K.L.:
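For reference, the structure I am asking about is given below.
Not measured: the values here are computed from a predicted model.
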Amino acid sequence: MSLFTRFSSLSPNTKNFVVAGGLTTFVFGVYYYTMRAVGGSDELQIAIDKFEAQKHKNEAESSP
């Protein structure tokens with residue numbers, strides 16, 4: 001609870017700066033996490049590529 005009493009004793013400009021810094025940190029953290037999660041290896045695309053390669057291999061073997 002002492003954290004809130006110290007926060008309330010700050011000037012309004014300092015409070016705004018602290019809140020803006022916290023929100024900016026949160027937004028960049030979510031952005032970084034999302035980019036890492038989306039940018040990882042795509043197992044589904046790897047499976048599709050393997051399936052397509054196997055399909056082309058089977059078509060090449062069956063055609064004269």
K.L.:
Just distance, no hydrogens or angles: give the donor-acceptor pairs under 3.5 Å from side chains in residues 44-56, sequence neighbours left out.
P.N.:
residue	atom	partner	partner atom	Å
Gln45	NE2	Asp49	OD1	3.1
Gln54	NE2	Asn58	OD1	3.4

K.L.:
Following the transitive rule for hydrophobic clusters with a side-chain heavy-atom cut-off under 4.5 Å over Ile, Leu, Val, Met, Phe, Trp and Tyr, establish whether Leu10 and Phe17 coincide in one cluster.
P.N.:
no
K.L.:
Within the side chain of Thr25, is there an N or O that forms a donor-acceptor pair under 3.5 Å with the backbone of Gly21?
P.N.:
yes
K.L.:
Would you say Val18 and Leu23 are hydrophobically clustered, going by side-chain heavy atoms of ILVMFWY under 4.5 Å?
P.N.:
yes
